[in-house]
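Below: one structure, written as structure tokens.
We count ligands from 1, going down the list as the structure has it; atoms in each ligand are counted the same way.
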Amino acid sequence: MIPANKALIRTGLEALYFTGSHLALEPLLGGIGAILTLHHVRPAPPDPFQANRLLEVTPAFLEKLIVGLRKLEIDMISLDEMRRRLTERSFARKFVCFTFDDGYRDNLHYAYPVLKQHGVPFAIYVPTSFPDRLGELWWLALQAVVADNDRICLAMDQDRHFDCRTTREKYDAFEAIYWWLRGLPTEQALRQAMHELCRRYRVDMTAFCADLCMTWDELAELARDPLVTIGAHTVNHVMLRKVTDGEARSEMKMSAMVIEAALGFRPRHLAYPVGDASSAGPREFQVAREIGFETAVTTRPGLLFPEHRNYMTALPRITVNGEFQRLRYLRVLLSGAATALHNGFRRVNAA
Ligand SMILES: [Zn+2]
């Protein structure tokens, strides 16, 4: 969900694709594998205003992706196997890991049958407040506020008014408010602003959990399948870098304890919510290691390189984005050229 960067990423990808320069760069930048980030998998919704569209792909695209990867002879492996290959320097074959963030029910209904049919292992990172039905999916609440209203007032630096009658205006309003929220210095300030907005426009922020996220029973059903890894994703889906030391540590630690209590095993893998550089940094990478997570993933874009064995709690991922549901985009991403540009040609970016 990075609307402001979307056009830039797309332009970059198109340029790389059409010039073919990613092919020239491939031997240099190809890496040993990649961890893919997905969120929702479901049929495309009919409403033209889909501010969070980039967080979803269709089941048909997921299947095309799996078939395409298999044709390229890229292994599709679990996070445990990824960790083993990195630590044992087993790089003979390129690999991809499928990871799904947030534990949406559509993962069970639409993604799981496809992954199961093709025997593809995958991980689901669960913020424990979502199956506990206390989670605040504020980005969806914001979308609902904008979708349901023609005009929105919000106390930003000063009182601001947004017209949102047309689909175009709705996208503009969403983008302005979303990035203002993301720019607030603390997670608490973001939540307060969203509570105020939801109260004013009568949106029940916690209702999204019950509608969209798996219950503990559904997660337990998935967890019984050896193809499935359940990972931690904090308790409250907070941008960890925007909370205190104590809160960051307890968000990570408590989420592992709650999953263990609910499902009977302690998760070995973690994903930092939101996961960009403003949400997870060196403090989080160290705390995750201290708590005992074997791997932890960001959403910093990048392929895996042998050096990442020393940065197991600061791993990059490649987002499989609903806006780019074309295999040629993904081929460019997997070539490493686009992410190498983003990382200034550094192979590890863990600052
Ligand atoms: Zn998430």
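- With hydrogens and angles left out, the side-chain atoms of R85 and S90 include no donor and acceptor closer than 3.5 Å.
- H237 and F130 have parallel rings, their planes meeting at less than 30° on a 0 to 90° scale where 60° marks the start of perpendicular.
- At distances below 3.5 Å, at least one donor-acceptor pair connects side-chain atoms of R317 with backbone N or O atoms of T298.
- Relative orientation of the F98 and F100 rings is parallel, given thresholds of 30° and 60° on the angle between their planes.
- Judged by distance alone, the side chain of T313 and the main-chain N or O of F285 form a donor-acceptor pair under 3.5 Å.
- Listed by chain and residue number, the protein N/O/S atoms under 2.8 Å of the Zn ion (ligand 1) are D102 OD1, H233 NE2, H237 NE2, with waters left out.
- Aromatic ring pairs are classed by plane angle as parallel below 30°, tilted from 30° to 60° and perpendicular above 60°; the pair H308 and Y311 is perpendicular.
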